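Contents: one structure, followed by commentary.
Quick caveat, the model's predicted, so the values are computed rather than measured. Atom set for the values below is all heavy atoms of this structure, side chains included, hydrogens, waters and symmetry mates excluded. By convention here, the first residue in the shown sequence is residue 1. Start at 1 and go down the list; that is how both ligands and their atoms are numbered.
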Amino acid sequence: MCGIIGVVGSDETLATLLQGLQRLEYRGYDSAGIALVRAGHTWRARTAAGTESVAALRVECEAAPQNCRSGIGHTRWATHGAPEAENAHPHLDCSGHVAIIHNGIIENHAELREELRARGHLFTSVTDTEVVAHLVEELRARGLELLDAVRQALLRVRGAFAIAVMDASEPDVIVAARRISPLVVGTAPGVCYLASDVPAILDRATAFYAVNDDEIVRLGPEGFRAVDLEGAPVRLRQLQIDWDLETAEKGGYDDFMSKEIAEQPDAVRATLLDRRRRDGTIAFDELRISDQELREVRRVVLVACGTSLHAAQVAKYAIERWARLSVDVDIASEYRYRDPVVEIGTLVIGVSQSGETIDTIQATREAQRRGARVVAISNIVDSSLAREADAVIYTRAGLEVSVASTKAFVAQVAALELLALRLAQLRETLTPEEIESLLEGLHDVSGHIATVLSRRGDVDAVAAQLLDAHDYFFIGRHVGFPTALEGALKLKEITYLHAEGYAAGELKHGPLALIEPGVIVVAVTTDVNMHEKILSNVAEVKARGATVIAVATDDDDQIDAVADFVVRVPATDPMFTPMIDIVPLQLLAYSLARGLGRNVDRPRNLAKTVTVE
Ligand code: M6R
């Protein structure tokens with residue numbers, strides 16, 4: 001997964017590209033590059049300096065030619081070829097005139113490379129992308145204009161791409177195309193833009209358009225026109241964008257992660273807003289699926305990855321308890337390869353903050369192919385997942401930039417629990433009074449999260465005493481289990497420390513052998529129904545020398561006797577605890593990561609949106 005940006009017709013080409021690349025770094029930051037076109041020449045700069053790649057590129061660009069009115073830029077997350085400058089984009093053809101940037105994977109690159117080599121093309125990188133530059137070169141040599149050359153080149157490739165191509169001999173044109181990987185087009189008077197996402201060009205373009213799969217767009221100062229793979233004209237759909245730029249900035253916080261942790265009360269509140277009609281029924285305006293269809297659901301399957309998977313695991317408990325439906329949760333990258341059974345009445349819910357995670361998209365596509373109805377839970381309006389699904393519920397967490405997902409998780413749990421209550425309402429598995437009381441509880445969550453945030457100092461104090469620790473186990477029962485999994489994921493991804501999440505009852509079946517002095521056990525103990533059992537599990541690890549941090553409710557008067565450190569949270573219905581209990585676990589990971597000097601927003605080896613399988 002990578003970020004791409006392009007601009008044509010601008011007096012501020014270089015500044016636009018560098019600013020856009022900075023905003024796209026969340027998509028990958030192994031290397032970065034720019035190509036500018038002017039007077040029949042292509043000028044290129046590339047750097048491979050890890051998280052400093054765009055900063056280094058800025059320095060390189062001090063030598064860039066002046067007054068270039070068009071250019072393309074790329075920030076890379078390496079797939080084919082090491083993260084070195086020679087594999088950084090843009091890639092050029094043999095003549096050095098054609099420049100290309102690409103997000104995705106060209107699956108048949110090896111056979112194309114062989115074929116092109118046999119015809120005398122010279123390759124300078126080991127990337128899959130470079131083959132497209134040489135294909136376009138050949139087609140241009142036959143006299144095709146750039147749009148047709150790119151279109152015909154794409155007929156030869158298999159795989160996923162958001163691509164942008166320039167040719168120095170057609171300097172006022174960029175051709176962009178998309179299959180699977182995200183791509184938007186923007187316009188302003190006399191200027192056209194393209195980017196992997198809207199924020200990259202948010203303060204430059206005044207109108208935004210979605211590019212669909214297998215559409216190719218020719219951008220010039222006069223505007224753009226789009227065709228499909230056969231060359232037939234297509235219209236791009238205009239997007240309604242109501243983000244302001246501040247949403248994409250840090251808003252006074254040291255980093256995006258702490259800003260996003262602090263935004264969680266709003267994320268939950270916004271996600272729950274306007275979801276009830278006057279008659280008490282729960283309604284999702286954007287859900288394009290009828291009540292009757294929801295009533296006919298017989299089984300639910302949730303597919304997701306990472307943090308979204310943990311939100312899905314919470315939803316399993318809620319849907320089963322409230323709507324009395326059988327629920328399975330699948331790791332999206334496993335789902336499509338295990339020949340899943342999709343019976344009549346199966347509802348598949350794809351959960352993804354970005355809506356662009358290819359594993360989740362492929363899983364929901366597989367489910368659709370097998371006859372399931374698919375609902376997307378997405379934080380990004382018009383994301384690929386949202387567009388392909390039969391129905392969508394948007395979380396309203398706002399743009400999440402930090403690689404470690406935080407506010408998206410609480411918003412996903414809120415949306416999924418609301419959907420669980422809607423299913424219960426339709427299936428009449430809860431009384432109107434029960435639903436009313438649960439809805440009230442759900443609406444209180446936002447305030448409880450704010451309370452936990454106001455106690456942030458308690459967590460920092462615990463973290464300060466643990467900077468030498470290396471091994472963490474996070475344990476919980478019932479919905480405390482997915483909370484523990486999510487707490488462990490946060491810790492490992494931003495501190496690089498060993499952390500495992502376990503169902504507390506499962507410890508005695510093996511992992512207990514690893515517990516010894518020096519190991520930290522973080523126990524989620526807030527579920528009133530499971531309290532005695534989890535206290536026994538805490539006693540088991542204490543007896544073996546572990547240091548215990550307990551997340552406990554304000555009214556728990558037993559926990560101090562068994563835990564070394566206690567972090568308090570307000571008590572609620574157990575089903576809502578993941579949205580509250582995760583907050584101290586996020587803060588613990590954050591505080592430790594800062595104490596260890598880690599880059600919390602951009603942890604090593606990761607990227608915000610994973611658009612490769
Ligand atoms: O955009 P998605 O929700 O589909 O992303 C899924 C995972 O890649 C994501 O949650 C990842 O695990 C985060 N880095 C976790 O913090």
Side-chain angles (χ1 to χ4, degrees), residues 1 3 25-29 77 180-182 196-197 255-258 260-261 264 267 271 302-315 329-335 349-365 374 376-386 388-389 392-395 397-413 415-416 474 482-483 485-496 499 501 578 582-583 585-590 593 598-613:
M1 76 223 82
E25 273 185 304
Y26 76 94
R27 302 180 62 82
Y29 36 77
W77 186 78
I180 300 175
S181 305
S196 296
D197 67 18
D255 39 59
F256 284 107
M257 187 175 177
S258 51
E260 288 158 10
I261 288 174
Q264 292 183 108
T271 298
L302 292 126
V303 290
C305 308
T307 289
S308 300
L309 180 72
H310 301 148
Q313 285 170 319
V314 174
V329 183
D330 258 289
I331 296 172
S333 56
E334 290 295 313
Y335 181 78
I349 305 177
V351 189
S352 171
Q353 184 282 131
S354 61
E356 302 294 347
T357 299
I358 198 66
D359 287 327
T360 307
I361 292 174
Q362 296 289 29
T364 52
R365 282 183 186 156
V374 169
I377 307 284
S378 171
N379 194 41
I380 302 292
V381 174
D382 259 331
S383 64
S384 302
L385 183 71
E388 289 186 21
V392 60
I393 296 173
Y394 287 118
T395 49
L399 193 66
E400 192 180 66
V401 175
S402 179
V403 167
S405 187
T406 52
K407 60 179 180 172
F409 174 79
V410 292
Q412 284 167 340
V413 174
L416 285 161
F474 287 70
T483 308
L485 290 174
E486 175 59 8
L489 178 62
K490 286 290 89 75
L491 193 87
K492 66 183 105 176
E493 73 180 327
I494 63 167
T495 66
Y496 317 152
I582 193 57
V583 180
L585 304 189
Q586 295 164 342
L587 292 170
L588 179 69
Y590 177 86
R598 310 287 192 239
N599 182 337
V600 290
D601 282 341
R602 284 186 270 159
R604 69 185 183 198
N605 303 339
L606 302 178
K608 180 65 182 162
T609 307
V610 186
T611 52
V612 291
E613 271 196 83

Do you know which two heavy atoms are closest between [X] and [Y], and how far apart they sit?
X    : Y    : result
L416 : I349 : CD2-CG2, 4.1 Å
G350 : T364 : CA-CG2, 3.8 Å
A404 : I494 : CB-CG2, 3.8 Å

Considering heavy atoms of the protein only, find what lies nearest to [atom] and give residue, atom and distance to 0.1 Å.
atom                    : value
atom 7 (C) of ligand 1  : C305 O, 3.7 Å
atom 10 (O) of ligand 1 : T307 N, 3.1 Å
atom 16 (O) of ligand 1 : E493 OE2, 2.3 Å
atom 12 (O) of ligand 1 : G306 CA, 3.2 Å
atom 5 (O) of ligand 1  : T357 OG1, 3.4 Å
atom 1 (O) of ligand 1  : S354 OG, 2.6 Å
atom 8 (O) of ligand 1  : V610 CG2, 4.1 Å

Please could you name the atoms of ligand 1 that [X] approaches to less than 4.0 Å, counting only its heavy atoms?
X    : value
S308 : 2 (P), 3 (O), 10 (O)
A404 : 16 (O)
S405 : 15 (C), 16 (O)
S352 : 1 (O), 2 (P), 3 (O), 4 (O)

Do [X] and [Y] pair up side chain to side chain, a donor and an acceptor below 3.5 Å, judged on atom types alone?
X    : Y    : value
T406 : Q586 : no
Q353 : T307 : no
Y590 : D255 : yes
S378 : S383 : yes

Side chain, backbone, both or neither: which part of K490 comes within less than 4.0 Å of ligand 1 when only heavy atoms are counted?
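Near ligand 1, K490 shows its side chain, while the N, CA, C and O stay back.
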Can you tell me which portion of K608 lies within the under-4.0 Å heavy-atom range of ligand 1? Options are side chain, backbone, both, or neither.
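Neither part.
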Hey, are R365 and E388 close enough for a salt bridge, meaning a charged N less than 4.0 Å from a carboxylate O?
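Result for this pair is yes, salt bridge flagged.
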If you measure from the Lys or Arg side-chain nitrogens to the Asp or Glu carboxylate oxygens, is any gap between K608 and E25 under 4.0 Å?
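Not counted as a salt bridge, because no side-chain N and carboxylate O are separated by less than 4.0 Å.
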What about Q353: any of its N or O atoms under 3.5 Å from an N or O on ligand 1?
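Among all N and O atoms of Q353, at least one is under 3.5 Å from an N or O of ligand 1.
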Do N379 side-chain atoms and A397 backbone N/O form a donor-acceptor pair below 3.5 Å?
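Checked: pair present.
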Heavy atom of V403 under 4.0 Å from ligand 1?
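Per 4.0 Å heavy-atom rule, V403 contacts ligand 1.
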